[in-house]
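So the structure is just underneath, and the comments pick up after that.
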Amino acid sequence: KVSLNGISKRFGDVRVIHDVSLSIRENEFIVLVGPSGCGKSTILRMIAGLESVSGGEIRIGGRVVNDVPPKERDVAMVFQNYALYPHMTVGENMGFSLKMQKRPGAEIESKVQEAAAVLGLTEYLHRKPAALSGGQRQRVAMGRAIVRKPQVFLFDEPLSNLDAQLRTQMRMELKKLHLKLNTTTIYVTHDQVEAMTLADRIVLLKDGHIQQVGAPVDVFERPANVFTGRFIGNPP
Ligand code: ATP
Ligand code: MG
């Protein structure tokens with residue numbers, strides 16, 4: 001469903017992504033992991049269309065999207081700093097992108113209700129973000145992505161601002177949500193536990209190069225090199 005064919009990225013003279021190729025299956029939960037600065041966010045942003053591609057090809061649903069604007073890519077991205085609109089209610093925040101697309105009010109209403117039910121936010125739809133907990137706000141941010149029913153979800157460290165307990169709880173909810181919605185998910189984290197518990201396949205990155213791709217248990221038991229072994233918690 002999503003494929004990266006030898007993609008690279010340069011900022012000026014500095015090359016930060018080197019020849020990354022990956023074929024992601026429909027409904028797969030892919031987790032990109034690696035140390036700070038290895039290029040995780042840059043890869044997500046290129047898939048979302050928020051960053052241009054310096055070389056190679058990105059395909060979504062078979063179509064080359066290198067020159068397709070973000071809005072036409074059928075992807076939705078959830079960020080770490082999920083700024084909600086403070087003056088709008090939860091429901092208005094979730095429906096905002098559909099409103100911008102000039103969808104009919106009744107359609108927006110039903111999609112927001114549906115997403116709120118999935119996320120357990122039904123009773124909060126009329127509240128302002130300031131009156132929510134961190135986990136509830138994070139769910140609203142996900143709700144904004146869900147209402148658009150994208151083919152592909154992109155998550156950039158969505159749980160890193162939450163406390164440990166909430167992070168564990170939201171992790172389980174995320175996994176359930178993925179199974180329920182049947183979408184392709186590409187998830188970025190630098191948390192090994194998160195990667196091990198969420199991923200169908202883990203992609204380990206270092207300095208813009210893929211080091212290893214595999215199911216969590218395979219990567220753990222058979223790290224490709226010293227770096228991946230250390231990173232995944234099974235050093236040589
Ligand atoms: P973190 O875990 O800290 O979020 P990351 O893996 O997401 O790190 P990226 O944000 O993708 O890393 O950055 C990869 C490299 O590209 C870094 O060296 C960064 O400094 C560089 N970089 C990112 N954006 C730009 C930019 N707009 N201009 C120049 N360099 C950039
Ligand atoms: Mg990042």
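All residue numbers in this chain count up from 1 along the given sequence. This one's a predicted model, so the numbers in the text were calculated from it and none came from an experiment. As the structure lists them, so they are numbered: ligands from 1, and atoms in each ligand from 1.
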- Taking only residues two or more places apart in sequence, or in another chain, which ones meet Thr122 in a side chain to side chain contact (heavy atoms under 4.5 Å, CB included)? Gln113, Ala116, Ala117
- At a cut-off of 2.8 Å, list the protein N/O/S atoms near the Mg ion (ligand 2), residue plus atom name. Ser41 OG
- Item | Which atom of Pro150 lies closest to which atom of Ala145, heavy atoms considered | CD-O, 3.5 Å
- Donor-acceptor contact below 3.5 Å, side chain Asp200 vs main chain Phe29: yes
- Item | Expected output: side-chain Arg167 to main-chain Leu162 donor-acceptor under 3.5 Å | yes
- Message: Main chain of Thr89, side chain of Glu92: is a donor-acceptor contact present, judged purely on distance under 3.5 Å?
- Response: yes
- Item | Exercise: do Gln211 and Thr228 side chains pair donor with acceptor under 3.5 Å | no
- Message: Would the distance check show the side chain of Lys111 and the main-chain N or O of Val147 forming a donor-acceptor pair, the cut-off being under 3.5 Å?
- Response: no
- Keeping to residues at least two apart or across chains, list the side-chain hydrogen bond (donor to acceptor under 3.5 Å, both in side chains) pairs with something in residues 26-36. Arg25-Glu28, Asn27-Asn182, Glu28-Arg201
- Neighbour list for ligand 1 [protein residues, heavy atom under 4.0 Å]: Phe11, Val16, Pro35, Ser36, Gly37, Cys38, Gly39, Lys40, Ser41, Thr42, Glu157, His190
- What are the two closest heavy atoms between Thr42 and Ile17, and how far apart are they? CG2-CG1, 4.0 Å
